[in-house]
Amino acid sequence: MTPDLPTLRAFFASAPFMADLGIAPIEAGEGRVVTQLTLAPRHHQHTGVVHAGVIGAIADHTMGAAAQTFAAEGHWVL
């Protein structure tokens with residue numbers, strides 16, 4: 001995948017769960033992706049802190065996108 005913001009934004013937008021959470025890339029380079037999430041009440045658990053599932057999801061998809069910038073065309077990092 002080309003490590004430019006338009007390509008990575010489309011990649012995140014095409015993943016329904018990432019789009020639902022509102023996670024989006026804000027910086028990109030080869031092997032590097034920085035994402036952002038504006039927190040809302042729906043991201044919190046019952047004690048008022050961000051749910052670990054949200055943190056795990058942002059880490060997983062962001063790392064996967066960074067790794068994907070090294071993948072050959074037509075191949076996917078899993």
Side-chain angles (χ1 to χ4, degrees):
M1 174 185 346
T2 307
D4 60 63
L5 280 176
T7 299
L8 286 162
R9 285 182 178 142
F11 177 71
F12 274 73
S14 71
F17 188 50
M18 294 300 105
D20 183 59
L21 288 174
I23 298 168
I26 58 169
E27 292 180 32
E30 191 170 290
R32 181 175 178 274
V33 176
V34 177
T35 53
Q36 178 177 330
L37 171 63
T38 301
L39 294 176
R42 66 192 179 100
H43 297 114
H44 297 139
Q45 53 143 297
H46 64 285
T47 63
V49 298
V50 176
H51 194 285
V54 173
I55 296 168
I58 196 170
D60 176 63
H61 204 77
T62 302
M63 177 279 311
Q68 189 64 41
T69 66
F70 290 123
E73 191 67 36
H75 290 82
W76 292 98
V77 172
L78 297 177

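Throughout, residue positions are numbered sequentially from 1 according to the sequence presented.
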### Between CZ on residue Arg9 and CD1 on residue Ile26, distance to nearest 0.5 Å
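If we round to the nearest 0.5 Å, Arg9:CZ and Ile26:CD1 are 8.5 Å apart.
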
#### Entry: Between CD on residue Gln68 and OG1 on residue Thr2, distance to nearest 0.5 Å
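The distance works out to 10.5 Å.
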
Of all heavy-atom pairs between [X] and [Y], which one has the smallest distance, and what is that distance?
{"X": "Thr7", "Y": "Met1", "result": "CG2-CG, 3.4 Å"}
{"X": "Pro3", "Y": "Thr69", "result": "CB-CG2, 3.7 Å"}
{"X": "Phe70", "Y": "Gly31", "result": "CE1-CA, 3.3 Å"}
{"X": "Val34", "Y": "Arg32", "result": "CG2-NH2, 3.6 Å"}
{"X": "Ala19", "Y": "Ala13", "result": "CB-O, 4.0 Å"}

Single-linkage hydrophobic cluster [X]~[Y], side-chain heavy atoms < 4.5 angstrom:
{"X": "Met18", "Y": "Ile55", "result": "yes"}
{"X": "Phe17", "Y": "Val54", "result": "yes"}
{"X": "Trp76", "Y": "Leu8", "result": "yes"}

### Query
According to the interplanar angle, ranging from 0 to 90°, do the rings of Phe12 and His61 count as parallel (below 30°), tilted (30 to 60°) or perpendicular (above 60°)?
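The arrangement is perpendicular - the two ring planes meet at more than 60°.
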
### Summary
Between Thr47 and the options His51, His44, Gln45, the side chain to side chain donor-acceptor pair (under 3.5 Å) test singles out Gln45

State, yes or no, whether a side-chain contact exists between [X] and [Y] at a heavy-atom distance under 4.5 Å.
{"X": "Arg42", "Y": "Asp20", "answer": "yes"}
{"X": "Ile58", "Y": "Leu21", "answer": "no"}
{"X": "Val33", "Y": "Glu27", "answer": "no"}

### Message
Going by side-chain hydrogen bond (donor to acceptor under 3.5 Å, both in side chains), name the residues that satisfy it together with Gln36, two or more places apart in sequence or in a different chain.
### Response
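Once residues adjacent in sequence are excluded, Gln36 has no partner under the side-chain hydrogen bond (donor to acceptor under 3.5 Å, both in side chains) criterion.
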
